[in-house]
Amino acid sequence: MKSQATAPRASAGPGLGARSGSVALLVAWLAACGPPTVDARAVWIASERDKGGARTLTIYDAGRLVERELLPADPGPETDMLPLVVELDPRGQGALVRAGDGGWQHELGDSLGPLRAGYVDLAGERVLPLALPARLAPDATGFAPTGGALWWTAGCPAELQLVPLSPRVATPTAGDPAAVVPLAWPLPAGCAEVWGAVGAADAPVLFVLQGVPEDGFLRPGPGGHVLALRYPRPSEGYDAAPTLTELAAVRLPDVPLARTQRVRCVGGPGPSCGLGAVDPDGRAVSVGGADGSCRVWRWAVGEPEAACAVATDAPEWTDPSHLIAAISPRHYVFREGLVVRRYDHTTGEHDGRPLIGDTGELFTRVSADGRALLFVTTRGAALRVDEARLELLSAEQAPCVGGQPPVASPNARFAAWTCVSDTQDVGGVTAGEIVRVSSAGMERFQGVPMWALAIDDDGDLLLHSRDDQDFSLELLLPPAAPRNLYVLAADGELARVDALEPDPELMRGTGAAVFRWIAAQAL
């Protein structure tokens, strides 16, 4: 067992029974060594308040359970009923907590003051009070893909404002009550609503693009400005005077441009989602062309202008509407229907492979470093793509009624989800099914209804149980609060790690119409 819980609050629960043709689960009765753990962090808010209106934020930290208090800034019957916005950063290092209506703040600062948001640093065990701009929409803030910064645009003329989140970076405060002073970078033209940012997955680099609002999103603007900025995220030492650094700037081609597929949307599907595709190392950004002169434009930092990376005489499937991501300085990944293709834009070489299933069952997940993609259907087929190859992880197919969106490991080698079982009764409870796929193939586990939250690079899975198989089309979640928190270990061992008492209350994500009972992210 790789790690153990240090402060379990609940004993082990019942196991899930084996199904014919499936893998049996071993029941984990707690011994002195403790229950199995998942390398993940998860947060939820207890549904009970104290007399002053404070809420409790509970944190699962790779087996350890801790609590933080959330104090009301403006207690009252209306704000008391509204869900808080809670969003974990892409690396699970911390959580943004804010009010959807501006009526709540975190525990730091004067409870009567104007603060309305905080970043709970789970790794550094601290809290950063934030003074976000008034009426800033929940999806107008974004995490950098590496998890080292929180950014937004503000003002007219616009500027990029960024709060470094690493404990190795100084975060000066000002105001009454005090809040972190963001780093600011003036943008060349226009107001905040026409600017967005996309980041590198494996480097502290943001590309800030001038765009055109369209249907709640931004598309790249013809002739628009692009700035490549480096934000502070030291790997060693301590940065006592953090700054933003401009690496280079350029203008986009003065031709019609288009959004790409909205796959890697860090922090939720905000306006910047699909604005462009960034190389994992942060050395280039690519945008879609829409006038027939070029399919994909690419600007490498340091070059005087963007160049055409995918010409119009390339195969038809290289249309920018099919572009998923840049997974290396040379390779793009395109998807047309169920066919996935890897394309070397420097040589024109490409290979592809189809998946079996239906496009409505297909999900795309990106590795934490942005260098691999996992395509998986809820029937069980799974294909992993990286710079070296297309790897079929699982070819087995099985029906999955009511399948949830899969969760994937940071290395994109494991995925898991839950289904509605065709067995109606397990110990008096309607049955459910867990599906886990990897290079070992597909495993299926039957038992009480579950909902998958996060899976780590060893295949250990964090889940919560459900009262029944009901599903809310409005919430895209089980409508009733979770019952218990479980870990399903890679070897099939199941343990209950928390009784979730009092029940979690519903939380909002940063994206529009995104709701959660528990927010979780593998480390």
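Numbers here are sequence positions counted from 1.
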> Is the closest basic N to carboxylate O distance between D386 and R371 below 4.0 Å?
Replying inline: no

> Within the side chain of Q93, is there an N or O that forms a donor-acceptor pair under 3.5 Å with the backbone of R91?
Replying inline: yes

>> Quick one: does any side-chain atom of T418 pair with a main-chain N or O of M450 as donor and acceptor, under 3.5 Å?
In response: yes

> Would you find a donor on one side and an acceptor on the other, under 3.5 Å apart, between the side chain of S272 and the backbone of A197?
Replying inline: yes

> With the threshold set at 4.0 Å, does a side-chain nitrogen-carboxylate oxygen contact exist between D457 and R413?
Replying inline: no

>> Do R68 and V127 make a side-chain contact, defined as non-hydrogen atoms from C-beta onward lying under 4.5 Å apart?
In response: yes

> What pair of heavy atoms forms the shortest contact from A398 to M442, and how long is it?
Replying inline: CB-CE, 3.7 Å

> What is the minimum heavy-atom distance between G288 and P320, and which atoms define it?
Replying inline: CA-CB, 3.8 Å

> Distance-only, no hydrogens or angles: does the D460 side chain make a donor-acceptor pair with backbone N or O of A490 under 3.5 Å?
Replying inline: yes

> So how far is it from L390 CG to R341 CZ, rounded to the nearest 0.5 Å?
Replying inline: 10.5 Å

>> Within the 4.5 Å heavy-atom criterion, are L165 and F143 side-chain neighbours or not?
In response: yes

>> With side-chain contact (heavy atoms from CB on, under 4.5 Å) as the criterion, how do F515 and R508 come out once you've worked through the C-alpha distance, each side chain's angles and the decisive distance to 0.1 Å?
In response: CA-CA 4 Å; F515 294 92; R508 285 185 59 184; 3.7 Å; yes

>> Please find the pair of heavy atoms, one from F217 and one from C273, that lie closest to each other, and give the distance.
In response: CD2-O, 3.9 Å

> Less than 4.5 Å apart, any side-chain heavy atom of L393 and any of S438?
Replying inline: no

>> Run the side-chain contact (heavy atoms from CB on, under 4.5 Å) test on D121 and L128 for me, step by step, so that the C-alpha distance in whole Å, both residues' side-chain angles and the decisive distance to 0.1 Å come before the verdict.
In response: CA-CA 7 Å; D121 185 347; L128 301 180; 5.6 Å; no

> Do V339 and P354 touch side chain to side chain, with heavy atoms closer than 4.5 Å?
Replying inline: yes

> Within a strict 4.5 Å, meaning less than it, do heavy atoms of the F334 and I324 side chains meet?
Replying inline: no

>> Within this structure, what is the OG-CZ distance for the pair S321 and R259, rounded to the nearest 0.5 Å?
In response: 11.5 Å

>> Run W152 and V163 through side-chain contact (heavy atoms from CB on, under 4.5 Å) and show every step you take.
In response: CA-CA 9 Å; W152 60 89; V163 174; 3.8 Å; yes

> Just by modelled atom types, is the P449 backbone N or O under 3.5 Å from a matching donor or acceptor in the R466 side chain?
Replying inline: no

>> Given 3.5 Å as the limit, does a donor-acceptor pair link the side chain of S409 with the main chain of F414, or not?
In response: yes

>> Using the rule side-chain contact (heavy atoms from CB on, under 4.5 Å), only one of L494, V487, L453, I434 pairs with L461; which is it?
In response: I434

> Quick one: do the E361 and T378 side chains pair a donor with an acceptor below 3.5 Å?
Replying inline: no

> Do you know which two heavy atoms are closest between A200 and P280, and how far apart they sit?
Replying inline: CB-O, 3.7 Å

> Measuring from R384:CZ to L374:CG, what's the distance to the nearest 0.5 Å?
Replying inline: 8.0 Å

>> Just verifying a value: how many Å separate R335 CZ and F375 CZ, rounded to the nearest 0.5 Å?
In response: 7.0 Å

>> So P90 and T146, do their side chains get closer than 4.5 Å, heavy atoms only?
In response: no

>> Tell me if the CG atom of L476 is crowded by more than 12 foreign heavy atoms within 6.0 Å.
In response: yes

>> Can you tell me how far apart OG1 (T141) and CH2 (W151) are? Round to the nearest 0.5 Å.
In response: 8.5 Å

>> With a 3.5 Å distance limit and no angle check, can you tell me whether T171 reaches the backbone of V180 through a side-chain donor-acceptor pair?
In response: no

>> Please give me the minimum heavy-atom distance between A40 and A454, naming the atom from each residue.
In response: CB-CB, 4.1 Å

> Where do V420 and F471 land on the side-chain contact (heavy atoms from CB on, under 4.5 Å) test, with the steps shown first?
Replying inline: CA-CA 10 Å; V420 176; F471 182 81; over 6 Å; no

>> Set out, in order, the CA-CA distance, both residues' side-chain angles and the distance that settles salt bridge (Lys or Arg N to Asp or Glu O under 4.0 Å) for E87 and R516, then state yes or no.
In response: CA-CA 10 Å; E87 189 72 55; R516 299 187 181 95; 3.1 Å; yes

> Quick one: OG1 on T56 to CD1 on I59, what's the gap to the nearest 0.5 Å?
Replying inline: 11.0 Å

>> Closer than 3.5 angstrom, by distance alone: can the side chain of R49 be matched with the main-chain N or O of S47 as a donor-acceptor pair?
In response: yes

> Does some side-chain heavy atom of L477 sit less than 4.5 Å from a side-chain heavy atom of W517?
Replying inline: yes

>> Less than 4.0 angstrom from a charged side-chain N to a carboxylate O is my criterion; do R353 and E391 meet it?
In response: no

>> For N484, is there any backbone N or O sitting under 3.5 Å from a side-chain donor or acceptor partner on S465?
In response: yes

>> Testing the basics here: between A481 and D503, what is the closest heavy-atom pair and its distance to 0.1 Å?
In response: CB-CB, 3.9 Å

> Donor-acceptor pair, W451 side chain versus P482 backbone, under 3.5 Å?
Replying inline: no

